[in-house]
2 protein chains.
Amino acid sequence: MVKRTSFEGDACPIARSLEALGDWWSLLIIREALFGVRRFGEFQSKLGMAKNILAARLRSLVDHGILETAPASDGSAYQEYLLTPKGRGTFPILVALRQWSEEFDDAPEEIATILVDREKGRPVKKLEMRAEDGRLLSPADTMLKPRPTPLRRSA
Amino acid sequence: MVKRTSFEGDACPIARSLEALGDWWSLLIIREALFGVRRFGEFQSKLGMAKNILAARLRSLVDHGILETAPASDGSAYQEYLLTPKGRGTFPILVALRQWSEEFDDAPEEIATILVDREKGRPVKKLEMRAEDGRLLSPADTMLKPRPTPLRRSA
DNA sequence: TTGTGTGGTTGCATTATAAAACCAATTGCC
DNA sequence: GGCAATTGGTTTTATAATGCAACCACACAA
């Protein structure tokens, strides 16, 4: 390397996601943000991470359009970090990670929390993959197709 | 630091997942494995990564019970790397990452493939979060609850 | 038995990560 | 207004991870 490899130009959408989210801290920062954390110090104390790398990650997430900075919601002169719609769109990823851990973790008794439906207090159902018409799909029921060129400019 | 932080003892299931999957390459290796890639050299050439780090990642994935080694399916004396059920269980995570990219990527025209239902050839439906009774849930409809202690040993 | 391909490991350079110290601006307090 | 503490970082320095290239052992093919 010399440079840590980047997936920026990669054609695989998974690699492209990892370009933005695929490091140790980004998804945890987003997790906190989804819980309402907004301020630098709050992220730092909740995650217990070094401030320099928090600063770097926040900058990267802002650059990727996942967070945005906004002035003070409490009237102070400081700023806060808010999720954009793109940032909130990562929620299914976090749920998938959580459910994978709940299902396969070797020490599930160490998991402190479960995600529940607020209304009933019951666990959220496992994410499932379905076809457009609602049929439940297993990995083997799916395949990759080249993306159709979306009529460049109708000449 | 001195040591790169580990989330091993963390009580958050998301952090625990990231402990196993949260580096640059692991999910891409799993992606290839889901596509049927089994051999060291095949991973290496498809992913274009350095052999030493591929070796390290494969070892880590095996240690985490995501891959397992098996002898030669083609009769040769070499071994191959196969996904365990735990490994195949990451599929929703990959789908979530893919869909996030498809929905929010700044340059979606660079994405080469779409995931389709094999039977109809139509795109897979977006993952959605539902309650046990089937109600569609938004992030705000959910909350975290402490895990109920699963009756340790009935004294 | 002399190659050739497979599946790694080792050594070295570069980068990323982390802890701690430092610092400027903003508050809080009197 | 003046002073200390808090907030939100940056800098410095050390260690770990990453990547490339070279090397190497074993399998296999001729």
Side-chain angles (χ1 to χ4, degrees), chain A residues 1-10 15 18-29 32-33 36-64 67-82, chain B residues 1-10 15 18-29 32-33 36-64 67-82:
Chain A
M1 126 185 297
V2 132
K3 280 216 87 77
R4 195 241 201 62
T5 62
S6 158
F7 303 127
E8 205 168 341
D10 201 296
L18 291 176
E19 176 70 22
L21 311 168
D23 66 282
W24 284 90
W25 291 110
S26 291
L27 283 167
L28 296 178
I29 291 170
E32 295 302 327
V37 171
R38 303 164 163 226
R39 295 284 283 263
F40 186 95
E42 210 179 349
F43 284 110
Q44 205 260 322
S45 65
K46 295 232 181 191
L47 291 170
M49 63 192 294
K51 300 200 293 180
N52 54 347
I53 96 119
L54 173 58
R57 286 291 161 266
L58 289 173
R59 215 169 318 161
S60 160
L61 289 169
V62 169
D63 287 348
H64 280 96
L67 293 176
E68 59 187 356
T69 52
S73 71
D74 61 352
S76 79
Y78 297 119
Q79 64 174 0
E80 48 190 33
Y81 296 91
L82 298 183
Chain B
M1 123 200 295
V2 132
K3 277 217 93 67
R4 193 236 200 68
T5 62
S6 158
F7 303 127
E8 204 167 342
D10 202 297
L18 292 176
E19 176 70 21
L21 311 169
D23 67 282
W24 282 91
W25 291 110
S26 292
L27 283 166
L28 296 177
I29 291 171
E32 295 302 328
V37 171
R38 302 162 164 229
R39 295 285 283 263
F40 186 95
E42 211 179 346
F43 283 110
Q44 205 258 320
S45 65
K46 294 231 181 192
L47 291 170
M49 63 192 294
K51 300 201 292 179
N52 55 346
I53 96 119
L54 174 58
R57 286 291 160 265
L58 289 173
R59 215 169 322 166
S60 160
L61 289 168
V62 169
D63 287 347
H64 280 97
L67 294 176
E68 58 187 356
T69 53
S73 70
D74 61 353
S76 80
Y78 298 119
Q79 65 173 0
E80 48 190 33
Y81 296 91
L82 298 183

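In this text the structure is predicted, and so the values were computed from the model without any measurement.
- The side chain of A:Q79 places no N or O atom within less than 4.0 Å of a non-bridging phosphate oxygen (OP1 or OP2) of D:dT7.
- The side chain of B:R39 lies closest to C:dT6 when the candidates are C:dT6, D:dG9, C:dA18.
- Against DNA chain C, the stretch residues 54-64 of chain A makes heavy-atom approaches under 4.0 Å through A:R57.
- Side-chain N or O atoms of B:Q44 include one that pairs as donor or acceptor with a backbone N or O of B:M49 at under 3.5 Å.
- Summarising the geometry, the separation between OH on B:Y81 and P on C:dG7 is reported as 9 Å, rounded to the nearest angstrom.
- For the pair A:Q44 CD and C:dA18 P, the interatomic distance rounds to 12 Å; values are reported in whole Å.
- Nucleotide C:dG7 holds its C1' atom 6 Å from the CZ atom of B:F40, rounded to whole Å.
- As judged by a 4.0 angstrom heavy-atom cut-off over every strand, B:F43 is placed among residues making no nucleic acid contact.
- Distances shown here put a side-chain N or O of B:W25 below 4.0 Å from the OP1 or OP2 atom of D:dG19.
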So which protein N/O to nucleotides 22-30 of chain D N/O distances come out below 3.5 Å?
residue	atom	partner	partner atom	Å
D:dC28	OP1	B:A77	N	2.5

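- Atom-to-atom, CG of A:L47 to P of C:dT17 comes out at 15 Å; the value is rounded to the nearest Å.
- The pair B:D74-B:R39 meets the salt-bridge criterion, since a charged nitrogen lies less than 4.0 angstrom from a carboxylate oxygen.
- Taking atom CD of B:E80 as the reference point, atom P of C:dG8 lies 12 Å away to the nearest angstrom.
- As rounded to whole Å, 17 Å separates atom P of C:dG5 from atom CG of B:D74.
- Atom CD1 of A:I29 is separated from atom CD1 of A:I53 by 6.5 Å, given to the nearest 0.5 angstrom.
- Formation of a donor-acceptor pair under 3.5 Å by the B:S76 side chain with backbone atoms of B:A72 is not found in this model.
- What you find for A:D10 and A:A15 is that their closest heavy atoms are CG-CB, 3.7 Å.
- Here the shortest heavy-atom pairing between B:L18 and B:F7 reads CB-CD1, 4.4 Å.
- When every heavy atom of A:S26 is checked against every heavy atom of A:L21, the shortest pair comes out as CB-O, 4.0 Å.
- Atom-to-atom, CE of A:M49 to C1' of C:dA16 comes out at 12 Å; the value is rounded to the nearest Å.
- Smallest separation of non-hydrogen atoms from B:W25 and B:R57: CB-CG, 4.2 Å.
- We find that CD1 of B:I53 is positioned 16 Å from C1' of C:dT10, with the value rounded to whole Å.
- Considering all non-hydrogen atoms of both residues, B:L67 and B:A33 come closest at CD2-CB, 4.4 Å.
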